[in-house]
Every structure is written in C-alpha cells, then in structure tokens.
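Whatever order the structure lists them in is the order used to number ligands and atoms, beginning at 1.
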Amino acid sequence: MCGIMGYTGGGAAAKIVYDGLKRLEYRGYDSAGISVLCGNEIKTVKRLGRVSALGGLLGKMHGGTGIGHTRWATHGKPSDENAHPHNAGVFSIVHNGIIENYSQLKAEYFSDENFLSDTDSEVIAKLLDKFYDGDLTSALARVCGLLRGSYAIAVMCAKSDGFAVAKRGSSVVIGYGENENFAASDLPALAGLCKNVAVLNDGDIALLTANGVAIFDENLQGVIREIVPNPATPADLELNGNPHYMLKEIREVPAAIERTRLSYAYVESSVKKAMEGVDRVIITGCGTAYNSGLAAKRYIESFARIPAEAEIAGEFRYKNPVITPNTAVIAVSQSGETADTVEAAELALSLGAKVIAVTNSPYSRLTRCADVVVPVEAGCEICVAATKSYSGQVTALYMIARTLAGSSVQSSAEIIAPFPALCAQITESEDIDGLADMCARSYGTYFLGRDIDYAVAQEGSLKLKEISYVPSEGYPAGELKHGTLALIDIRTVSVFIITGKSLAGKCANAVEQVLSRKGKAAVITNVAEVAERFKGRAYVVEIPSCDEWLSPLVSSVVLQLLAYKTALLLDRDPDKPRNLAKSVTVE
Ligand code: AGP
C-alpha cells in the first residue's frame with residue numbers, strides 16, 4: 001500500500017533508493033518517484049507506471065541523500081502529477097497512508113493556493129513549508145500534530161543534511177549502516193544493505209544523517225527503540241530460476257508448513273495460558289487470512305467444542321462486537337500491517353479479549369499489540385497473491401485448535417509431518433493445464449465444496465479472480481441449488497473440491513446438477529469412488545489421500561497452481577495483479 005524508501009550516506013542515493021523501491025513494488029505499482037538532494041538543490045523525477053519507468057531518468061541526480069515512493073493510488077488517479085514525491089519550497093515528501101482531513105487543512109491554511117496534484121499527501125509538503133523556521137524536526141512535529149489518518153512520511157529539506165521520517169499507523173523501519181542510514185516501509189527493501197534495524201512506534205519522528213539516527217516521540221523527547229539484527233536477506237528476493245515469485249512461493253509451501261509446525265512448540269505454553277477459561281473464539285482477518293480463519297473455525301469447533309466464528313476484520317471492527325472476558329480473538333495476517341486486522345485486534349484488546357496474532361511478520365504492528373504471537377514461518381512473500389502464507393496460517397491455526405482441545409504439541413506436529421512431502425508432490429506433478437484452459441475461456445468459474453472443502457473453495461476463488469480477473473465465486477456446494485445454479489450454463493466452469501468421504505456423496509449430487517445443466521465441471525478429489533464416477537464427464541484431478549482436516553494444505557496448492565496457470569494463459573502478470581497491492585495499510 002505504497003512503499004517509501006530513504007537513504008543518506010556516501011553512496012549514490014538515486015540508485016540505492018531506486019533499487020529499494022523495486023523491492024517494495026509489491027506494495028503498489030501505479031506510479032513512482034525519487035527526490036535527491038544535489039548540493040543544496042532538490043531534484044525530483046516521477047512517472048506514471050512502474051518503478052522501472054524511472055530507470056533512465058536518474059543520470060543527473062548526483063547526491064548522497066534521497067527519498068522515493070512507489071504508489072498504490074487512493075486519492076487521485078494514477079498519473080505523473082499525482083506521483084510522489086510532492087514538493088513545496090525547500091521540501092520534498094513521500095507519504096504512505098491516508099490523510100483523512102486533507103481537505104480541511106487545505107481550506108484552513110491554503111484557500112488561495114493552487115495544488116499541483118489531487119492527492120491527500122501534497123498538503124504535507126505545503127504545511128512543512130509554511131511552518132519551517134530553520135528546524136526540520138520541529139516543523140515535522142507541528143505538521144504531524146495536525147494530520148488525522150495514517151502516515152509514514154519521509155521528508156527531505158534543501159537546507160538540512162539527511163532526511164526525516166514520521167509515522168502513525170503505517171510502518172517505518174530504520175536501517176543502521178556504517179556511515180549511512182536507511183528508512184523503508186518494509187524489511188525486504190533493506191535486505192543486504194544493513195546489519196541492524198529498528199521499528200518505529202506510532203508518533204515517532206526520526207532524523208537520519210550519515211552519522212547517526214536520532215529518534216523522538218511526538219513531543220520531541222528523545223526515545224530509544226530496540227535495535228535488532230536485520231532478518232531480511234538478499235536470498236529472500238531471489239527467484240531461484242522461477243519465472244515468477246508466485247510459482248517460487250507455491251514451491252515453498254512445503255518449507256512453510258514444516259517450519260511453522262516446528263516453531264509452534266516454542267509458543268504452545270503461551271497459547272495455553274492465554275486460552276485458559278476461553279469459551280468463545282473469534283478468528284479475524286482479511287482476504288486469504290480470513291479464508292484460513294474459515295478452516296480454523298471448523299477446527300476449533302470440532303476439536304475443542306468451543307463456539308468459534310470467522311469474521312472479516314473490516315466488518316468486525318465496526319459492528320460493536322460482543323466480547324466477554326472469556327473471548328479470545330485470533331487475528332490472522334501475513335503482513336501484520338493490514339489496517340483492518342490490526343484495528344480489529346486493538347478493538348478486541350480494548351474490550352477485554354485475549355488477542356493471539358498469527359502472522360508471518362515478526363516486527364509488524366500486529367505483533368506489537370497482541371498478547372501472544374504465533375509465528376507463521378513462511379518466509380518473505382513477495383507475490384501480491386498469498387500462497388505459502390496461507391499454508392503456514394492453516395498449519396498454525398490447526399495447532400492452536402488442537403492446543404485448545406488439550407492435545408499435545410508433539411501429536412499435532414506428527415499429524416502434520418507428512419504434509420510437506422504431499423504438497424511437494426502436487427507442486428511437481430499435478431497436471432491441470434487443461435483445467436486452466438477451461439477457466440481461462442470461462443464466463444465465470446465457481447468453486448464449490450462442503451465443510452472444510454468450502455473453506456478452501458473460498459480461497460481458490462479469491463486466488464483465481466485476483467490474478468486472472470476471471471469472475472469467480474466460492475460457495476458451499478449444498479447452497480448451489482438455492483440460487484447459484486441459475487448461473488450455470490455451457491460457458492461456466494464449476495470446480496468441486498471433494499476430500500471428505502462422509503459428504504462426498506452429497507457433494508457428488510451437486511456435480512450432477514451442474515452437468516445436467518450443461519455446465520462444465522472439474523472435481524479435485526482424493527476419494528477414489530468420486531474420481532471413478534466423474535472420469536470422462538468432468539475434469540478430474542486426483543490428489544493424495546491424507547488426514548481429512550488437513551486436506552486444505554494439499555487442495556489449496558492445486559488451486560493456487562490453477563490460478564497461476566490461468567493467469568499466464570490470459571497474459572496477466574501473476575505477481576502484480578491490476579489495482580492491487582500486498583499490504584493494505586489503509587481503510
Ligand atoms: C491474498 O491473495 C490477497 N492478496 C489479500 O486478500 C490478502 O490476503 C489480504 O489483503 C490480507 O493481507 P494480510 O494477510 O497481510 O493481512
């Protein structure tokens with residue numbers, strides 16, 4: 001959701017910031033721009049399109065301090081004018097977040113002035129210019145005091161060395177180098193650049209020069225933030241021979257499951273303690289994270305017999321939820337930065353719930369507010385579509401549910417142990433090219449399943465629509481006849497996931513209903529009788545038999561590959577789908 005990057009030191013700032021922005025491009029790719037302090041003049045380039053559009057424009061930008069931005073448009077269409085940085089007087093700024101009161105600020109302070117962009121961000125540069133009396137930090141503190149909403153801002157001033165950053169809501173990581181320092185929205189930008197990093201708190205302002213970093217709170221009192229080793233490595237960013245990050249990350253599903261299952265042992269006792277006396281569980285998240293919550297609901301209710309609900313975080317936070325002291329809220333988020341999910345977790349905490357974070361990002365906002373953090377060990381995920389992080393989330397949530405049911409961590413880990421190999425089998429062998437072709441040509445694709453297979457159906461549908469733009473819906477197979485069946489005709493494809501023996505017959509009825517309306521059907525199954533029954537009549541994908549509850553780990557890989565292959569057939573970029581960004585840090 002926009003990426004910002006800043007550098008100050010003896011290196012070529014333009015190139016360092018440019019490379020950092022390329023690594024942050026998964027956060028938004030509508031437009032990009034860079035400002036560099038060249039002597040005591042600020043030079044700025046910005047362009048509609050991807051970061052690479054700046055590549056040929058940096059030749060004359062010589063200087064050791066620079067800031068840059070890659071944008072996911074919120075206010076103002078993607079264009080050269082709306083691209084960041086925004087400049088005013090001696091200032092250049094980049095901003096990630098949303099300034100909710102920007103129109104009021106414009107009306108109050110600049111009613112007679114023209115703005116060059118339609119963004120909510122330009123007013124920050126104008127305000128800095130207005131309040132500047134020779135001290136960058138105090139001007140920035142004064143401006144931040146006026147802003148409502150969320151922001152990570154990097155500011156360069158033609159009259160000061162280095163640059164400053166400020167944050168509230170949106171994240172900023174400081175990178176400590178030798179005679180050079182960095183700031184970025186996320187750790188991948190800093191991989192290989194510095195050994196140590198610190199995460200800023202809300203309200204912090206940091207002043208970075210080549211020689212050091214000074215951090216202040218909102219009252220400009222000096223504060224110390226924990227400095228930790230930089231966990232991001234250049235290897236995280238390699239494609240390792242894969243054509244896209246999505247395929248690379250699907251191939252990393254087995255490792256994500258394996259690491260997550262093993263690391264759970266270190267947090268099991270904290271989960272147990274936090275869950276003592278809990279009589280209701282709410283699992284919340286957005287998109288894929290919410291879909292993993294659908295599986296978790298079934299796990300918790302079936303294993304522990306505790307009522308559980310899966311709630312979309314953006315709904316949960318505004319519905320005045322019923323929370324008692326015995327309610328536990330499990331907030332699931334790959335990035336740990338999704339605004340809706342973090343706000344939902346904070347709301348639950350304020351209402352007295354115990355909050356457990358399930359996240360792939362150890363230094364995120366979510367980890368800093370939760371009572372307990374259960375790590376998803378998927379490793380750095382760059383493709384906008386979540387793949388291995390879903391597998392890690394399902395693994396972690398399964399283990400939490402078993403803890404709630406009183407099972408030992410060893411027994412849970414043993415049940416999961418075969419799954420990395422089963423998933424590896426899928427990623428290397430499953431032939432779904434024909435099905436991808438059917439989906440690519442379809443008018444609409446429906447994903448259907450019952451019980452735990454329904455949870456996977458939702459995720460399969462999200463994946464397909466997100467990266468191929470084929471209209472798609474996930475649905476409980478039993479509900480088909482109550483409405484969706486009206487949409488079925490020869491132009492549609494219905495993909496059934498059938499992994500549980502007990503409901504296989506019922507689900508097979510729904511397949512028949514589709515076939516008898518001339519709809520095309522596919523069946524992804526590990527039930528031999530189902531495979532036999534539909535061979536020749538539907539596209540059958542046989543997957544290995546496995547523990548019924550954990551079948552989402554296997555079937556989701558087939559669906560991820562299906563989405564990937566369909567996207568390629570339609571000539572889409574699977575790593576950077578249109579209109580989207582990976583970390584949605586705004587509402
Ligand atoms: C998944 O493929 C999507 N890109 C999206 O739905 C994502 O899962 C959602 O935005 C939540 O992100 P988070 O896990 O980082 O909170």
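Taking distance alone, with nitrogen or oxygen atoms compared against 3.5 Å, G336 stays at or beyond that limit from ligand 1. At a 3.5 angstrom cut-off on N or O pairs, S333 counts as close to ligand 1. The shortest N/O to N/O separation between L462 and ligand 1 does not fall below 3.5 Å.
Of all heavy-atom pairs spanning L21 and G3, the tightest one is CD2-O, 4.1 Å.
Residue, atom and distance of the protein heavy atom nearest to atom 15 (O) of ligand 1 are S335 OG, 2.6 Å. Looking from atom 11 (C) of ligand 1 to the surrounding protein, the closest heavy atom is C286 O, 3.3 Å. Shortest contact from atom 14 (O) of ligand 1 to any protein heavy atom: Q334 N, 2.6 Å. Scanning the protein heavy atoms around atom 3 (C) of ligand 1, the nearest turns out to be E466 OE2, 3.0 Å. Here the heavy atom of the protein found nearest to atom 10 (O) of ligand 1 is V584 CG2, 4.1 Å. The protein heavy atom nearest to atom 6 (O) of ligand 1 is G287 CA, 3.2 Å. Distance from atom 12 (O) of ligand 1 to its nearest protein heavy atom, with residue and atom name: T338 OG1, 3.4 Å.
Side-chain N/O atoms of T403 and Y264 include a donor and acceptor closer than 3.5 Å. In the model, T288 has a side-chain atom that pairs as donor or acceptor with a side-chain atom of E459 under 3.5 Å. Looking only at atom types and distance, the side chain of T395 has no donor-acceptor partner in the side chain of T260 under 3.5 Å away. For the 3.5 Å distance criterion, the side chains of Q334 and S389 fail to qualify, holding no donor opposite an acceptor.
Under a 4.0 Å N-O distance rule, the pair K582/D186 does not qualify as a salt bridge. Using a cut-off of 4.0 Å between Lys/Arg side-chain N and Asp/Glu carboxylate O, K565 and D433 are scored as salt-bridged.
Tested against N242 for a side chain to side chain donor-acceptor pair (under 3.5 Å), the candidates E252, K248, R251 yield a single pass: R251. Across R168, K167, R368, a single residue satisfies salt bridge (charged side-chain N to carboxylate O under 4.0 Å, His left out) together with D202, and that is K167.
The shortest separation from a heavy atom of G285 to ligand 1 is not under 4.0 Å, leaving the residue out of contact.
With a 4.0 Å heavy-atom cut-off, ligand 1 is reached by no atom of E337.
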Salt bridge (Lys or Arg N to Asp or Glu O under 4.0 Å) assessment of R280 paired with E309: CA-CA 8 Å; R280 182 162 158 257; E309 294 141 59; 3.0 Å; yes

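With ligand atoms numbered from 1 in the order given, ligand 1 contributes 2 (O) to contacts under 4.0 Å with heavy atoms of A385. For ligand 1 and A386, the ligand atoms under 4.0 Å from any heavy atom of the residue are 1 (C), 2 (O). If you number the atoms of ligand 1 from 1 as listed, the ones under 4.0 Å from a heavy atom of K463 come out as 1 (C), 2 (O).
The heavy atom nearest to atom 5 (C) of ligand 1, out of those in T288, N291, D340, is found in T288.
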